[in-house]
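Encoded as structure tokens, the structure appears first; notes follow it.
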Amino acid sequence: MRLSRFFLPILRDDPKEAEIVSHRLMLRAGMIRQSSAGIYSWLPLGHRVLRKIEQIVREEQDRAGALELLMPTIQSADLWRESGRYDDYGKEMLRIQDRHERDMLYGPTNEELITAIFRDGVKSYKDLPRILYHIQWKFRDEIRPRFGVMRGREFLMKDSYSFDLTQEGARRSYNRMFVAYLRTFARMGLKSIPMAAETGPIGGDLSHEFIILADTGESEVYCHKDYLSMEAPGADLDYDADLAPLVQSWTGKYAATSEMHDVARFEAEVAETDRVTARGIEVGHIFFFGTKYSEPMGAKVQGPDGELIPVEMGSYGVGVTRLVGAIIEASHDDAGIIWPQSVAPFDVGLINLKAGDTDTDAACETFYARLQQAGLDVLYDDRDDRAGAKFAAMDLIGLPWQLIVGPKSLKAGEVELKERATGERHSLTFDSALSMLTAAAAGRAKEDA
RNA sequence: CGGGGCAUAGCGCAGUCUGGUAGCGCACCUGCUUUGGGAGCAGGGGGUCGCAAGUUCGAAUCUUGCUGCCCCGACCA
């Protein structure tokens, strides 16, 4: 993509309404614009990141055996009356009427809808277990939206729902999603830690929040320091194997958000030198809720003995739009965003330091073509602008690599390759730079495999 | 929903107290000079001053009502 043809409305000054760093940077980098409180338009740069995150989530869901579908944003109130939540949900739910004055709502979540779909389509225990998911816009009329896309009213969410015959089966589904989440967040360059969360109506230990650590995170978290060095399972993981030991290894030590924090337990279970107190952002939440919806809504299957059994369900959410902000909170510096390679809107920014100079232009055109041929996503800054302005813009939007091409280095037969994360710059031939870049991209592809 | 604040050009702001027909920086357009970390000079374009009513010869400025947005708290992926 040539920057001269792209839509990238960068702001030099901080918009005053943006308090936290991710919100400021997203506005300044031309990723989003606010439409109204807690509702945002995603501009091309932001949209690219959103799609990349969505795709990683999708791939890991698929890998774990979940099946993608797509449910509507607008739902009928009748379904919610079946579960009893129409009256319980309160003002967070956006209620609307169609032209026939039928009560409708903009879905804040999809338990009712998925349960209805499931109940109409599945009658036998032989069709279990299943995990279904979709990635869809939700609306929750938060009392006070804030922090940009981190707590918007309209947000993109991946929500999965598991259906099992027994609680033991539900635990296996839960473990699948648990492990899928470890991989999902790791692929985005995030350190995520599962933390025990408030258990639902069923109780038990099947509820976890996935927290990523960021200095500017909204909640205080406490955990054993071993979690910081644990590696998410690799791509060779067999989801059909018994995942319980793996889940156990990620839940065996102390980890809690401030709501669940128990100082006495923390101090008893974790040696003083192993205690970590940090700040975190919740990016995923998984829980088991048994027959809460299947019972009242009649989602039952026939068991081997012919009896009707309400299915055991769980639900598993990932805040896709929130992740965009969360990644920035976890990865930025004074100059701007620092995208992990896997979610970066482009792999590399090609900077023409002297647009209009025949030799430099020609070299850049060649490099641009060759980078693309190598399968790299390139943002080519071909604008006639000052070097400083180009550096500043490229640092702000945070592409992982900058390939800097100017007459001086060209004369020496070289280009400069700058790594955004470290600021390190290497002078080298274009061919060497190209192999470094393709190696970095290959590394990313390998993680994905 | 309680408390506080803001609303003037794309962004950041001044002007409001003391009414006289809108200004600054950045961004944008044109030209010249510049050119490796947000250049200089000159010339330009862009605003129903959030909306509505009122007071007045005259309202960004005063009065009343409304709306939107932000911050702090209770709630959340």
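Note on naming: letters A, B, ... go to the chains in the order of the sequence lines (proteins, then strands), and numbering restarts at 1 for each one.
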When you measure from the side chain of [X], which nucleotide among [options] comes out closest?
X	options	answer
A/K418	B/rA77, B/rG37, B/rG12	B/rG37
A/A392	B/rG38, B/rC71, B/rC11	B/rG38
A/I143	B/rA74, B/rG38, B/rC76	B/rA74
A/D13	B/rC76, B/rG73, B/rC11	B/rC11
A/R322	B/rC75, B/rA77, B/rG37	B/rA77
A/L11	B/rC26, B/rG10, B/rC76	B/rG10
A/R386	B/rC6, B/rC75, B/rU34	B/rU34
A/R151	B/rA77, B/rC76, B/rG73	B/rC76
A/F391	B/rA77, B/rG37, B/rG38	B/rG37

Quiz item: Hey, are the side chains of A/R2 and A/R383 touching, using non-hydrogen atoms and a 4.5 Å cut-off?
Solution: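 They are not in side-chain contact.
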
Using 4.0 Å as the upper bound for N to carboxylate O, is an ion pair formed by [Y] and [X]?
X	Y	result
A/D377	A/R48	yes
A/K390	A/D385	no
A/D141	A/R95	no

Quiz item: Taking the six-membered ring of A/F185, is the NZ or CZ of A/R322 close enough (under 6.0 Å from the centre) and on axis enough (within 45°)?
Solution: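 Judged by the rule, A/R322 and A/F185 form no cation-pi pair.
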
Exercise. Give a yes or no answer on whether the side chain of A/R425 reaches the backbone of A/E419 with a donor-acceptor pair at less than 3.5 Å.
Key: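 No; zero donor-acceptor contacts below 3.5 Å.
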
Base, sugar-phosphate, or nothing: which does [X] touch, judged by heavy atoms less than 4.0 Å apart?
X	answer
A/K408	base
A/R33	nothing
A/K158	nothing

Quiz item: Paired with B/rC62 by Watson-Crick or G-U wobble geometry, both distances under 3.5 Å: which nucleotide is it?
Solution: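 Pairing partner, where one exists within any strand: B/rG54.
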
Quiz item: Between A/G388 and A/K91, which has a closest nucleotide on RNA chain B that is more 5'?
Solution: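 Looking at RNA chain B, the more 5' nearest nucleotide goes with A/K91.
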
Quiz item: A/G317 or A/P15: which one's nearest nucleotide on RNA chain B is closer to the 5' end?
Solution: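 That would be A/P15.
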
Quiz item: Is any side-chain nitrogen or oxygen of A/R383 closer than 4.0 Å to OP1 or OP2 of B/rU35?
Solution: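 No, no such contact exists.
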
Self-check item: Presence of A/R144 side-chain N/O under 4.0 Å of B/rC72 phosphate oxygens OP1/OP2
Solution: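 It does, given that an N or O in the side chain of A/R144 lies less than 4.0 Å from OP1 or OP2 of B/rC72.
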
Quiz item: Where along residues 34-54 of chain A does a heavy atom fall under 4.0 Å from RNA chain B?
Solution: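 Contacts with RNA chain B under 4.0 Å: A/Q34, A/S36, A/A37.
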
Quiz item: Between the side chains of A/Y40 and A/Q34, does any donor sit under 3.5 Å from an acceptor?
Solution: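 Indeed, the side chains of A/Y40 and A/Q34 share at least one donor-acceptor pair under 3.5 Å.
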
Quiz prompt | Rounded distance in Å between the C1' positions of B/rC76 and B/rA14 | solution =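 Comparing C1' positions in B/rC76 and B/rA14 gives a spacing of 40 Å.
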
